[in-house]
A.B. asks: 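Below you'll find the structure I mean.
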Amino acid sequence: MVSIKRYEPQKEDILSAGIDIGTSTTKIVISKFSLMNMAGGMHMPRIEIINKEVLYRSPIYRTPLLTATKIDIKAVENIVKQEYAKAGIQPNDIRTGAVIITGETATKENAQEMVHTLSDNAGEFLVATAGPDLEGIIAAKGSGAYEYSKKTGKVIANIDIGGGTANVAVYKSGKLCGTCTLHIGGRLIEFNGEQIKSVSMPIKKLFQQWGTVLNIGDNRHIAVIQKLTDYMSAVIARMLKCELLSSDQPLILGHEPNWKEKIDGIMFSGGVGECIYRYENRSSGISQYDDIGEMLARSLKESKELSSWEWINPVETVRATVLGAGTQTTEISGATIHADSSDLPIRNLPVYEFDFDNNLFEGLKRLPTAFQNAVDLYDSQREGQNFSLYLTNLPYLGFRDVQQLAGGILDSIKAKPNPKQPLVIVLESDHAKVLGQTLQVQNPTQSIICIDQIRVDQGDYIDIGHLLQTNVVPVVIKTLTFHHQ
Amino acid sequence: MNPELVEKVTKMIVERIQAQQEVESNPAATTVKFWNHAQGTEPSVTARTVVTDTNSIQENNHGKGLVQFRSYTDDTSASSVGEKVSTNQKESSTKAAIDPSHGIDNPLNPEELKDLVSKTPARIGVGRAGLRPKTNTWLKFRFDHAAAVDAVYGDVQENLLTRLELFKVNTLVKDKETYIRRPDLGRKLSEEAKQMIKEKCRKSPTVQIIVSDGLSSSAVDENAEDVFLSLQQSLQSLGLDTGTPFYIEKGRVAVMDDVGELIQPKVVVLLIGERPGLVSAESLSAYLCYMPKKGTIEADRMVISNIHKGGIPPVEAGAYLGTVIQKVLKYEASGVSLVQKES
């Protein structure tokens, strides 16, 4: 038989890992992204992620702790190693992904060390993320709330309740409206058989307010616990309406709810979400946790206040965050970029946005001051903390304009304590190749990374991975801002 | 139809128009704003003033209700036509765009509509008036059509060629009508052209850049310079030497075969105006071919198309072309042969 050779568009598969170390549980997913050139073979390439497939889901492990305030880093590393082996992959097969440390675990004394050890050892370009806002965002992407809002145009609140915190992210038509985090979780009171084993700080404060006394070693006071979980449900309802009372303060972590939209539907994910929906195979290792999680789930289900919203079934419950971290954090740059591969990957670069306001000439005049401001902002100690420059609202650029722009940028980087460090530029428009090339021509020794077609915001942090075969770079944006309309 | 009836009906219509004109002498009504589709997703605005020809109406009053049709070539009214054109071309970029999503009255989901409209330069979400498009949409359509026709029949500005130091040669085509009817003649250089190229061009360069108006002179006017300069910079930084560039008037893509025979370059890059469409009349293509010669088949040519302000930015296209040329040189093939060798 004669085999006919067909034209195959440029394709590439990359592996992504997601690792979530939460208050109660730790889990891992490995997924495969398929990248393909979506433009015809004769056009400027346009590489897109066309498919994401979850290859492996780990069982759900208890997060190993050394003491109440310390994570057992060795044990976590062992879990990761063991799970990689089970999935049949090596750490250096991993091209992208994120390690996220969530809930109360993020407050442990060695939390920082934990994520950085993992992101260094568990894959070449695995980025570390943390922060309650980001956690809510990632969970909403993993649970399917983001997709649902995008598909229906509705305002959807995803409430991810784990062991220590409830992370809420509100999306409208796929756009983030706001986030909020509460001290509401299954593990805030733990039992040991019939006795109370521990009560977390926020709950103690709350009990103080109520004048309730609940000590370690006391018997389970079903009535008191019931009152507490009912109260938690009511707080969630008030939060969704942005009507929190001053007496609810002990349960707020960080800022108050900051969306303005009226919520159409709600979705629960996280460990407590699992207690509501029961998606997981019981035998797969989720044991009884001996805490208030189950009761909280029941309170939520029976809550009158919460029944006023439409409840939407999540796609994932307890694994929402880890799936979000593994599959929803990576973006792909434009395919015509300029990058010195020796300087990649680059991690944790703060973004400084510079708005040209559609006027190149005026913009260039302001650029040196802006650079100075950026240095003051991100490197106030002059320690050489690099940052990336995000250029927005550039007017239409002709060749001579690009020359001027490159000249202006090269002049301005003299403000940096170490101008030799890689010059990282992110562009909104499709100009990375020509700008990078022009910068290189004007200063052949400068290391330049110029990427485009990525949307970031002032204050975001970005990580840029290795150059892939398709000539794109994976980019992880750790966004903390909201898009209000 | 009988001519008297035609005259009568025309007279009635003109009277109607005049009556209307008097009632709504609102200046805003004569301004039509266009959303420039070609310039990205956000509605950046171009306002064009449509001049209502008050002169002719006045003339009609004096001319006993007879409608006067003016032709472009009518010398007697040349001055007033000139005036009209200049006002017509008055463009201002004001902030108050006609947002295309407003073309639809009371959209069910305005945000979703805006999102959809931002994804394509096609005329979607423009609304309708009964069964027909709205006046703005219709005028914009007519305007784009006219721009497309102008692009085909126009000539490339001389000062552009001077700036880029391109000398001009001709194909076997003498005028535009022949150019359109006889594509084969546009693919061959004239004898004078061959002579001039032999005299002026450096032989056997690695890369030979040529420019041609093709079917859109405005594509060359608007974009060729940026692509050309950016491509030159790109080739320079890649260390590839270029031959003496020149301009071919009324050329077709395959004219590069003649150039290949004459100069014997490794790669020919031909920047040529694309057939104008209604989204853009200024779209430029860059055709590449490894050692083109007589008998080169079309499958061995490759193209980067859609180079214009609303498509691939010309400067970026130039920078990218350098990389493509590098690949063509590496595999000593272009087009389908390149794809085959690559995989």
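Just so we're on the same page: letters track the sequence lines, and every chain starts at 1. Values in this document were obtained by computation on a predicted structure and should not be read as measured data.
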A.B. asks: How about residues 216-225 of chain B versus chain A: which residues have heavy atoms under 4.5 Å apart?
C.D. replies: B:N223, B:E225
A.B. asks: Does B:K327 NZ have over 12 foreign heavy atoms under 6.0 Å away?
C.D. replies: no
A.B. asks: Identify which of B:G322, B:P314, B:G318 forms the greatest number of heavy-atom pairs closer than 4.5 Å to chain A.
C.D. replies: B:P314
A.B. asks: When heavy-atom pairs shorter than 4.5 Å are enumerated against chain B, which of A:A432, A:G153, A:S173, A:G436 gives the highest number?
C.D. replies: A:A432
A.B. asks: Return the minimal non-hydrogen interatomic distance between B:S230 and A:V434, and the atom names on each side.
C.D. replies: OG-CG2, 3.4 Å
A.B. asks: By a 4.5 Å heavy-atom criterion (distance strictly below it), what part of A:P45 contacts chain B: side chain, backbone, both, or neither?
C.D. replies: both
A.B. asks: Ignoring hydrogens and angles, tell me if any N or O in the side chain of B:E316 forms a donor-acceptor pair with the backbone of A:K433 under 3.5 Å.
C.D. replies: yes
A.B. asks: Write down the atom of A:L397, the atom of B:V315, and the distance for their closest heavy-atom approach.
C.D. replies: O-CG2, 3.6 Å
A.B. asks: Considering all heavy atoms of both residues, which atom of A:F399 and which atom of B:D226 are nearest to each other, and what is their separation?
C.D. replies: N-OD1, 2.7 Å
A.B. asks: At what distance, to the nearest 0.5 angstrom, does OG1 of B:T323 lie from CD of A:Q437?
C.D. replies: 6.5 Å
A.B. asks: For atom CZ of B:R163, decide whether the heavy atoms of other residues, nucleotides or ligands shown that lie under 6.0 angstrom number more than 12.
C.D. replies: yes
A.B. asks: With a 4.5 angstrom heavy-atom cut-off, could you sort out which part of A:Q440 is near chain B: side chain, backbone, both or neither?
C.D. replies: neither
A.B. asks: Find the one option among A:V441, A:D452, A:T438 whose heavy-atom pairs under 4.5 Å with chain B are most numerous.
C.D. replies: A:T438
A.B. asks: Measure the OH-CG distance between B:Y320 and A:D430 for me, rounded to the nearest 0.5 Å.
C.D. replies: 11.0 Å
A.B. asks: Measure the spacing between OG of B:S237 and NE2 of A:H338 and express it to the nearest 0.5 Å.
C.D. replies: 8.5 Å
A.B. asks: Give, as side chain, backbone, both or neither, the part of B:L229 having an atom under 4.5 angstrom from any heavy atom of chain A.
C.D. replies: both
A.B. asks: Minimum heavy-atom separation for A:M44 and B:A317, please, with both atom names.
C.D. replies: SD-CA, 4.4 Å
